[in-house]
Amino acid sequence: PKRFLRIQPRGVDEGDFVFLLGYPGRTYRHSAASFLAYEEEVRMPNVVDWYSWQIDLMEKMGAEDRGVALLHASRIKGLANTMKNYRGKLKGMKRLGLVERRREEEKALQQFIEADPKRQERFGTILADIAAVYEEERATFEYEMVLGNMGRFVQMLGIASSVHEAAIERQKPDLERESAYMDRNFPRSKERLLLGLRNYYEPTDRAVFKELILRASKLPPAGRIKPLDEALAGDFSEKAIGEYLDRMYSGTKMSDSQFVEGLLQMTPADLDKVEDPFLDLARALYPAAQELRERQRVRRGALDPLYARLSDAKELFLGKNFIPDANSTLRLTYGRIKGYEPVDAVYYSPITTLRGVIEKTTGREPFDTPAALVGLFKEQNFGTFEHPRLHDVPVCILYDTDTTGGNSGSPVLNARGELVGVNFDRTYEATINDYAWSEEYSRSIAVDIRYVLWVTQKFGRADFLLRELGIE
């Protein structure tokens, strides 16, 4: 190519300047205190609890059966990643006292608004209006979480719901359909649905469904999931639930990929003739699912203009522009190679080394280091990629740039624009970055380019690639 990033094989050292460009997904640093309180007190703790329950279940299911463990592996990793992220955020929010701090900021903002009649007329109820939306969301959270999780985590119901909705949506003009069913997206939606069946394990699906039924049974009278109440005739005893699940799983063909593929081609009229217990349940739940989706759209429609006005009020209050929240557009961030103290008397150095990889090696996933790589370490065969001070091959680097989800894969560049690493994560303490950035502990993580080059040359024996890159 005419233009490409030049690699700096000498890498970086502590204190060096770095910058990166990327597409950070979404941050909430200008969100109202009512939103932050909802996240800290309601949504994230409940998601952590639910994901933790599922992970424990799947680990037990696969404890004595390697085949079952492999079926669950990808799902466990996905759930664990989110669970760890949320736990880090919750820890950071408490550590910063973020909700209380934002309330104090909003108290001062409200006083500023009320000090001028014109500002009062324009912005006077913004914070209260935003809070009202999140209060309504709090009130319906348990109902929405149980209903939403049925379609998302009970695989048989999720497939049946997708089949039922596809038949309805595919009859509409393309631009009026839900995104997953538009012509440009439908082939991929079908592929994902059918691929998911490869990891289907009925005992797990059944256990997840049972747990969600039990949670639904505890919902208050004003927030019941009526199709479930009717299916069980209001009897949520262990025996009744067991018999209901027996009928559902013995009578369904939703685990048959050919059957599902055929259903995805049907019109609503044809699909109505198909008898399947999960398809029947999907039909019964569809109005509630649509109502929930519309409710969420209404909330977004209410919040978007309110937050736009809140930004205007903040600009007047601060007397200056401020950096907007990330929204998946291109952003530049810069900083320095820098360690941090996650807790008192503990310091994390900004450069990790191959020795750390060897120390973590257990011979089992996820720390099953190849024997050849271990041998290279024992031989101290570091080549030209040895750090002059650490006398080892650098593996990862920490730096105090401002990154979030979406920055993974961003090139990390030195002051001369040379590639020195590839960003892939944040530290556990820096998961709070979505809500607030801190110079003390917000650190991003990259794989050091020296480790990439060393693995390519010494472990992969692909010297020709380095020569092609102009690295001797």
Side-chain angles (χ1 to χ4, degrees), residues 5-22 24 88 91-92 95-96 331-361 367 369 373 376-377 380-404 407-433 436-459 466 469 471-472:
L5 292 175
R6 295 190 179 278
I7 295 173
Q8 176 47 263
R10 292 191 299 277
V12 287
D13 205 350
E14 187 167 1
D16 285 354
F17 175 88
V18 291
F19 72 98
L20 58 91
L21 290 159
K91 180 180 177 181
R95 181 179 184 177
L96 285 175
R331 301 288 178 98
L332 179 145
T333 178
Y334 60 89
R336 294 188 179 275
I337 305 297
K338 190 175 182 182
Y340 75 108
E341 294 182 7
V343 293
D344 183 47
V346 175
Y347 178 72
Y348 287 171
S349 299
I351 302 175
T352 64
T353 63
L354 184 57
R355 178 170 60 86
V357 174
I358 303 305
E359 288 174 349
K360 291 183 178 70
T361 299
F367 301 113
T369 307
L373 194 144
L376 289 168
F377 175 77
Q380 300 286 284
N381 188 354
F382 303 148
T384 60
F385 306 113
E386 179 178 344
H387 190 287
R389 176 171 53 82
L390 301 174
H391 304 295
D392 202 342
V393 180
V395 173
C396 289
I397 48 178
L398 294 177
Y399 37 95
D400 62 353
T401 59
D402 189 356
T403 65
T404 186
N407 278 116
S408 295
S410 295
V412 181
L413 310 173
N414 65 13
R416 292 175 292 279
E418 299 165 325
L419 183 66
V420 294
V422 180
N423 186 83
F424 70 89
D425 207 348
R426 292 168 284 170
T427 59
Y428 180 67
E429 291 75 18
T431 52
I432 189 62
N433 278 13
W437 185 87
S438 168
E439 186 176 356
E440 292 180 11
Y441 57 82
S442 288
R443 297 292 183 272
S444 304
I445 313 172
V447 59
D448 194 300
I449 200 63
R450 288 166 288 194
Y451 187 60
V452 176
L453 296 171
W454 179 80
V455 168
T456 303
Q457 182 186 68
K458 299 295 183 179
F459 179 74
L466 270 66
L469 292 168
I471 298 169
E472 300 297 334

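Model, not experiment: these values are computed from the prediction.
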Would the number of heavy atoms belonging to other residues, nucleotides or ligands and lying under 6.0 Å from [atom1] of [X] be above 12?
X: Glu439; atom1: CD; result: no
X: Phe17; atom1: CZ; result: yes
X: Glu440; atom1: CD; result: no

* Structure fact -> With sequence neighbours left out, the residues meeting side-chain contact (heavy atoms from CB on, under 4.5 Å) with Asp13 are Asp16, Ile351, His387, Arg389
* Might you point out which heavy atoms bring Tyr347 and Glu341 nearest each other, and give the distance in Å? => CD1-CG, 4.0 Å
* Quick one: sort the Phe377 and Phe382 rings into parallel, tilted or perpendicular, breaks at 30° and 60°. => tilted
* **Validation row: Pro342, Tyr441 side chains within 4.5 angstrom (heavy atoms)** => no
* Side chain proximity check, Tyr340 to Asp400, heavy atoms < 4.5 angstrom -> no
* Is the closest side-chain donor-acceptor distance between Ser442 and Asn433 under 3.5 Å? -> yes
* In terms of side-chain heavy atoms, does Tyr399 have a donor or acceptor partner in Asn423 at a distance below 3.5 Å? -> yes
* Salt bridge Arg10-Glu418, side-chain N to carboxylate O under 4.0 Å -> no
* Stepwise side-chain contact (heavy atoms from CB on, under 4.5 Å) check, Ile449 with Gln8 -> CA-CA 8 Å; Ile449 200 63; Gln8 176 47 263; 5.8 Å; no
